[in-house]
**Q** 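This is the structure, below, for whatever I ask next.
So you know, we letter chains A, B, ... as the sequences are listed, proteins then strands, and number each from 1.
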Amino acid sequence: MFALVDCNSCYASCEQIFRPELRGKPVVVLSNNDGCIVARSKEAKLLGIDDLQPFFKIEPILKQHNVAIFSSNYALYGDISHRVMTTLKTFSPEVEVYSIDEMFLNVAGMPWNLKEYGQQIKQTLWQDIRMPVCVGVGPSKTLSKLANRAAKSITQCNGVCVLDQPHKWQWLQKRMPVTQVWGVGKRLAKRLQRFNIDTVYDLAQANTKVLRREVNVNLERTINELNGIACYPLEEQPSAKKQIYCTRSFGEKLSELSLIKQAVAVYASRASQKLRAQKSVVQSIQVFMHTSPHQDNYVSRSVVCQLPYPTNDSREIVALALQGVAAIYQPGNRYIKAGVGLLDVCDRRFNQFDLFNTGQSAHSEKLMQLLDKTNARHGRNAVFLGAEGVAQKWAMRQQYKSPAYTTRWGDLPVITMR
DNA sequence: TCTGGGGTCCTAGGACCC
DNA sequence: TCTGGGGTCCTAGGACCC
């Protein structure tokens, strides 16, 4: 049996931890660059504010209803997430951190009543961290995801839903549209309509062989999972990424090559850092940039560049990314976004040398280790490449950012005793 | 003044080569 | 009735997730 624990309106709840006066009030959190709504408290949802709406379009409505607005504060959310995950690990020896606000727990063979166990998890996280969560339990990951949705939307569940019998999950499946299934998006749902599949139940009862042939093997697995047959195992160790991207919108539109280069240097550097964190090397990278797709004369270009040998050295990756930028840059355009992708990522241990290239030097390996160690100890940007620039005029907008309450000495909350 | 996220993986289609 | 290949690389864009 799997339990999926999912934080309710995660980012909004994080903000409410240090602003308790905002509990029970409408709160929204914006994406990077204050672009879209990415988290809404229950009260904000009730005002009819949709997920991923552009902020500037609904700003007047938010102000009118006195909604508390926050820019994304990932230092805070990352730290709170870490606390939640640490607490959850005490509830099961086998867990998978699925996203910043979700964790799968293996609860097979637990001697306790699973409904009560779920309530205990929920209460502990509220008492220790003030994070509200919902718990879904089922014999497969897909069913535990479905159970979690029920726990969130059906009041009688009181935040915990256990699907341990076929009649229970079938009852739910008949009442849910197929888009509620993990891995089925808008597009696939439309394709499934051709097979007369509208509800989750229709999909669960569909012919696996036909859909495997018509769609793919993952859909066959999903169907089995919906019938209580686990096909996706718990992944305690996250598998290494095959591609690593770092992309950002700029705070303002950029035309000047030197500024775009600075931004791309930062993205390439950050991607390299992620690459080293998973102990991999890369031999080809992609650089892209584009203007606003919401305006006329949309321009988007990308290029793939090869490194001479597999490496994880920020200096080489950044230098190549900058060549890429120069190759696709066209003067006169006002770019809104750029990004760097590391494409053929592979394990450092399988790094192959050839006759003419000795590969990354031991000196370079050592320097990168030192760089990562220093930044881990003294903050992410304690040491960085000169190409990344200091002024960062293109940095994203974050007009409504809360303090880094838990990760910066100067931002520690102060409690006043009366 | 002007505003529209980010990450990963996959696929379609075209260019080019043999 | 009508029939002309297959592989690789590159780029753009889509699908799905959070």
**Q** So, does S272(A) use its side chain to make a donor-acceptor pair with the main chain of N312(A) at under 3.5 Å?
**A** no
**Q** Please list residues of residues 173-184 of chain A whose heavy atoms come under 4.0 Å from any atom in DNA chain C, ordered by number; otherwise none.
**A** V181(A), W182(A), G183(A), V184(A)
**Q** Residues in side-chain contact (heavy atoms from CB on, under 4.5 Å) with K401(A), at least two apart?
**A** S71(A), N73(A), Q398(A)
**Q** So what does S72(A) touch, heavy atoms closer than 4.0 Å: a base, only the sugar-phosphate, or nothing?
**A** nothing
**Q** Once you apply a heavy-atom cut-off of 4.0 Å, does L30(A) come out as touching a base, just sugar-phosphate, or nothing?
**A** nothing
**Q** So Y98(A), base contact, sugar-phosphate only, or nothing? Heavy-atom distance under 4.0 Å.
**A** sugar-phosphate
**Q** The criterion is ring pair (Phe, Tyr, Trp, His ring centres under 6.0 Å); which residues satisfy it with F91(A), sequence neighbours excluded?
**A** Y117(A)
**Q** At under 4.0 Å between heavy atoms, what does V38(A) touch on the DNA or RNA strands: base, sugar-phosphate, or nothing?
**A** nothing
**Q** Check side-chain contact (heavy atoms from CB on, under 4.5 Å) between K186(A) and all other residues, then give those that pass, not counting sequence neighbours.
**A** none
**Q** Are any of the side-chain nitrogens in E225(A) or R221(A) under 4.0 Å away from the carboxylate oxygens of its partner?
**A** no
**Q** How do T247(A) and S292(A) order along DNA chain B: which one's closest nucleotide is nearer the 5' end?
**A** S292(A)
**Q** Pick base, sugar-phosphate or nothing for I100(A), based on heavy-atom distances below 4.0 Å to the nucleic acid.
**A** nothing
**Q** Return each pair, listed once, that meets salt bridge (Lys or Arg N to Asp or Glu O under 4.0 Å) where at least one residue sits in residues 249-262 of chain A; pairs must be two or more places apart or across chains.
**A** E252(A)-K393(A)
**Q** Under 4.0 Å, counting only non-hydrogen atoms across every strand here, what does D34(A) touch: a base, just sugar-phosphate, or nothing?
**A** nothing
**Q** Of all residues at least two apart in sequence or in a different chain, which pass the side-chain contact (heavy atoms from CB on, under 4.5 Å) check with P139(A)?
**A** M1(A), L143(A), W169(A)
**Q** Going 5' to 3' along DNA chain B, which nucleotides are the first and last within contact of chain A (any atom under 4.0 Å from a heavy atom)?
**A** dT3(B) to dC9(B)
**Q** Not counting sequence neighbours, which residues clear ring pair (Phe, Tyr, Trp, His ring centres under 6.0 Å) with W182(A)? List them please.
**A** Y98(A), F104(A)
**Q** Heavy atoms under 4.0 Å, any strand shown: does C10(A) hit a base, just sugar-phosphate, or nothing?
**A** nothing
**Q** Under 4.0 Å between any heavy atoms, over every strand shown, what does K57(A) touch: base, sugar-phosphate, or nothing? Just pick one.
**A** base
**Q** Using heavy atoms to find the nearest nucleotide of DNA chain B for F55(A) and Q243(A) separately, return the residue whose nucleotide is more 5′.
**A** F55(A)
**Q** Not counting sequence neighbours, list each pair that qualifies as a ring-ring contact (aromatic ring centres under 6.0 Å, His included) and has a residue in residues 3-38 of chain A.
**A** Y11(A)-Y74(A), Y11(A)-Y77(A), F18(A)-Y405(A)
**Q** Quick one: ring-ring contact (aromatic ring centres under 6.0 Å, His included) pairs with a partner in residues 38-70 of chain A, sequence neighbours left out?
**A** F55(A)-Y400(A)
**Q** Give the dot-bracket string for DNA chain C, reading 5' to 3', where a pair is Watson-Crick or G-U wobble with both distances under 3.5 Å, ( ) marks pairs inside the strand, [ ] marks pairs crossing earlier ones, | marks a partner on another strand, and . marks unpaired.
**A** ....||||||||||||||
**Q** Could you list the residues that satisfy side-chain contact (heavy atoms from CB on, under 4.5 Å) with E236(A), not counting sequence neighbours?
**A** E94(A), L234(A)
**Q** Hey, would you say the H290(A) and Y298(A) ring centroids sit under 6.0 Å apart?
**A** yes
**Q** Looking across every strand, which nucleic acid part, if any, lies under 4.0 Å from K190(A) by heavy atom: base, sugar-phosphate, or nothing?
**A** nothing
**Q** Contact class for E102(A) (heavy atom, under 4.0 Å): base, sugar-phosphate, or nothing?
**A** sugar-phosphate
